[in-house]
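Values below: all heavy atoms of this structure, side chains included; hydrogens, waters and symmetry mates excluded.
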Amino acid sequence: MIANVETTSVSELSAQVPAPTAEAEPGIYVYSIIECAEPRSFGTQGIGGRGDDVYTVHYKDLAAVVSRTPLVVYDPTRENVLAHEHVNEVTIEEGFTPVPMSFGTLFKTEKDIVEFLEDTYDALRDVLVKMKDKLEFGLRVNWAREEVLAEIERDDEGIRRLKEEISKSQQSSTYFARMQLGRMVEQALADKSDAYVRDIYEYLREAAIASRSNKPIGDKMIMHAAFLVQRDKASTFDQKVTEIAQRYEGKLSFRYTGPWPPYNFVTIRLQLERSAVV
């Protein structure tokens, strides 16, 4: 399995803002931090649907990617989360490697953001150096359980024999045989799932710098992973995902997403004091 990189974390984020009011104060929403010394604009897709400009606020060679917004709590609705992610996607398309901020991070003024960048400069600089030109790709793999089970029953001699014995026997002892068969099948399925996952990681290992395994969601998912990939290896990684998906066509289905900022490989939890809205 591909080794995980060591993440860099700063202390815990605790920025809070007032509940929405009819006359909310003006504020500034922060999407990410990038390495950038000159002012940049990233379009008019700021969160909130008002068409606010997305621009940069600077301290030395660091910049916060921001847009103006009322100082309100943003619920993590699909619309809001997609707006947050879209800004980071545009930043990636422009050639930057954004270090993502937590959804809903707001400040009152640009001066507060500059103070924040100054106070956390060394930690942010360290993260940006480690993550430079690295992107995250997500991979979720579901399996056709019934197809895999049919293959196990066909190829596993012990399971096949026990099924035949149960089908021929009319005795009460078949209850215990059925319990034994159930345990054997579940273990065989678990072994098969582990083997699939190991093979996928191994096949993708050479094209990725690191991986992070997350908990699968639901009964059909056997793999829920994030991969850290060098920007210039993205097409290679994409090709290898296509190849491994073709290898297991009919048994496994692959959902491949990205590129994303390195959400699973960088944890920035910042204790906002003077800079935060509290």
Discussion item. How long is the straight-line distance from CD of Glu206 back to NZ of Lys233, given to the nearest 0.5 Å?
Written reply: 9.0 Å
Worksheet item: If we only count heavy atoms from C-beta on, is the His224 to Leu139 side-chain gap below 4.5 Å?
Response: no
Item to complete: State which residue, out of Phe254, Tyr196, Tyr203, fulfils the ring-ring contact (aromatic ring centres under 6.0 Å, His included) condition with Tyr248.
Response: Tyr196
Worksheet item: Just how far is it from atom CG of Leu252 to atom CD of Glu147, taken to the nearest 0.5 Å?
Response: 11.0 Å
Worksheet entry | Shortest non-hydrogen contact from Asp52 toward Ser67 | CB-CB, 4.3 Å
Discussion item. Quick check against the 3.5 Å criterion: does Thr120 have a side-chain atom that pairs as donor or acceptor with the backbone of Ala123?
Written reply: no
Response to the item:
Heavy-atom closest pair (Ile92 atom, Pro261 atom, distance to 0.1 Å) is CD1-N, 3.5 Å
Practice prompt. Report, as yes or no, whether the 6.0 Å neighbourhood of atom CG on Asp219 holds more than 12 heavy atoms from other residues, nucleotides or ligands.
Written response: no
Practice prompt. Using a 4.5 Å cut-off on heavy atoms from C-beta on, say whether the side chain of Asp199 contacts that of Ile244.
Written response: yes
Worksheet item: Distance-only, no hydrogens or angles: does the Thr77 side chain make a donor-acceptor pair with backbone N or O of Asn80 under 3.5 Å?
Response: yes
Worksheet item: Within a strict 4.5 Å, meaning less than it, do heavy atoms of the Tyr263 and Glu136 side chains meet?
Response: yes
Discussion item. Quick one, Val241 with Leu204, criterion side-chain contact (heavy atoms from CB on, under 4.5 Å). Give me CA distance, side-chain angles, the key distance, then yes/no.
Written reply: CA-CA 7 Å; Val241 171; Leu204 299 177; 3.9 Å; yes
Response to the item:
On a heavy-atom basis, the closest approach of Val114 and His58 is CG2-O, 3.7 Å
Worksheet item: So, for Pro70 and Leu106, which heavy atoms are closest and what is the spacing to 0.1 Å?
Response: O-CD2, 4.0 Å
Fill in: Pair Tyr121, Asp126: side-chain N/O donor-acceptor within cut-off below 3.5 Å
no
Discussion item. Would the distance check show the side chain of Asp112 and the main-chain N or O of Thr109 forming a donor-acceptor pair, the cut-off being under 3.5 Å?
Written reply: yes
Discussion item. Using modelled atom types and a 3.5 Å cut-off, is there a donor and acceptor pairing between side-chain atoms of Arg212 and backbone atoms of Ala226?
Written reply: no
Fill in: Residues in side-chain hydrogen bond (donor to acceptor under 3.5 Å, both in side chains) contact with Tyr256, at least two apart in sequence or another chain
none
Worksheet item: When Ile, Leu, Val, Met, Phe, Trp and Tyr are grouped by side-chain heavy atoms lying under 4.5 Å apart, directly or through other members, which residues fall in the same group as Met221?
Response: Ile217
Fill in: Chi angles and distances behind the side-chain contact (heavy atoms from CB on, under 4.5 Å) call for Phe103, Val81
CA-CA 7 Å; Phe103 174 86; Val81 171; 4.2 Å; yes
Worksheet item: Got a sec, which pairs hit salt bridge (charged side-chain N to carboxylate O under 4.0 Å, His left out) with one end in residues 250-259, sequence neighbours left out?
Response: Glu151-Lys251
Item to complete: Identify, with sequence neighbours excluded, every residue that meets side chain to side chain contact (heavy atoms under 4.5 Å, CB included) alongside Ala83.
Response: Ile47
Worksheet, complete the sentence: d(Leu128 CG, Leu62 CG) to nearest 0.5 Å is 6.0 Å
Discussion item. Show, in sequence, the C-alpha distance, side-chain angles and deciding distance for Met223 and Tyr201, and conclude whether the side-chain contact (heavy atoms from CB on, under 4.5 Å) test is met.
Written reply: CA-CA 10 Å; Met223 182 175 174; Tyr201 273 118; 3.7 Å; yes
Worksheet item: Short question: side chain of Arg231, backbone of Phe96 - any donor-acceptor pair under 3.5 Å?
Response: yes
Practice prompt. Taking the side chain as every heavy atom from C-beta outward, state whether Ile113 and Val30 have any atom pair closer than 4.5 Å.
Written response: yes
Fill in: Derivation and outcome, side-chain contact (heavy atoms from CB on, under 4.5 Å), residues Thr56 and Val66
CA-CA 6 Å; Thr56 49; Val66 309; over 6 Å; no
Discussion item. Give me the atom names and distance for the closest heavy-atom approach of Tyr31 to Gly46.
Written reply: OH-CA, 3.3 Å
Response to the item:
Sorted by chain and residue number, the side-chain hydrogen bond (donor to acceptor under 3.5 Å, both in side chains) partners of Thr69 (sequence neighbours excluded) come out as Tyr74
Worksheet item: Is the closest side-chain heavy-atom distance between Val141 and Ile200 below 4.5 Å?
Response: yes
Could you give the side-chain donor-acceptor pairs of residues 32-43 under 3.5 Å, partners two or more places apart or in another chain?
residue: Ser32; atom: OG; partner: Asn88; partner atom: OD1; Å: 3.3
residue: Glu35; atom: OE2; partner: Arg125; partner atom: NH2; Å: 3.2
residue: Arg40; atom: NH2; partner: Glu94; partner atom: OE1; Å: 3.0

Item to complete: State which residues pass side chain to side chain contact (heavy atoms under 4.5 Å, CB included) with Glu110; sequence neighbours excluded, sorted by chain then number.
Response: Ile28, Tyr55, Val57, Arg68
Worksheet item: Less than 4.5 Å apart, any side-chain heavy atom of Pro100 and any of Trp260?
Response: no
Response to the item:
Shortest non-hydrogen pair, Ile209 vs Gln230, comes out as CD1-OE1, 3.2 Å
Worksheet item: Hey, what do you get for NZ (Lys130) to CG (Leu228), rounding to the nearest 0.5 Å?
Response: 12.5 Å
Worksheet entry | Results of side chain to side chain contact (heavy atoms under 4.5 Å, CB included) for Thr242 - residues two or more places apart only | Asp238, Gln246
Worksheet item: Is there side-chain contact between Trp143 and Ser193, with at least one heavy-atom pair below 4.5 Å?
Response: yes
Worksheet entry | side chain to side chain contact (heavy atoms under 4.5 Å, CB included) partners for Ala207, two or more places apart | Thr236, Phe237, Lys240
Item to complete: Please collect all salt bridge (charged side-chain N to carboxylate O under 4.0 Å, His left out) contacts where either partner lies in residues 75-87, sequence neighbours excluded, each pair once.
Response: none
Worksheet entry | For Ser253, side-chain hydrogen bond (donor to acceptor under 3.5 Å, both in side chains) partners two or more places apart | none
Worksheet item: Do Phe227 and Phe265 come close enough that some side-chain heavy atom pair is under 4.5 Å?
Response: no
Item to complete: Name all residues meeting the side-chain hydrogen bond (donor to acceptor under 3.5 Å, both in side chains) criterion together with Asp133; count only those two or more places apart in sequence or in a different chain, and write none if there are none.
Response: none
Worksheet item: Just by modelled atom types, is the Val87 backbone N or O under 3.5 Å from a matching donor or acceptor in the Thr91 side chain?
Response: yes
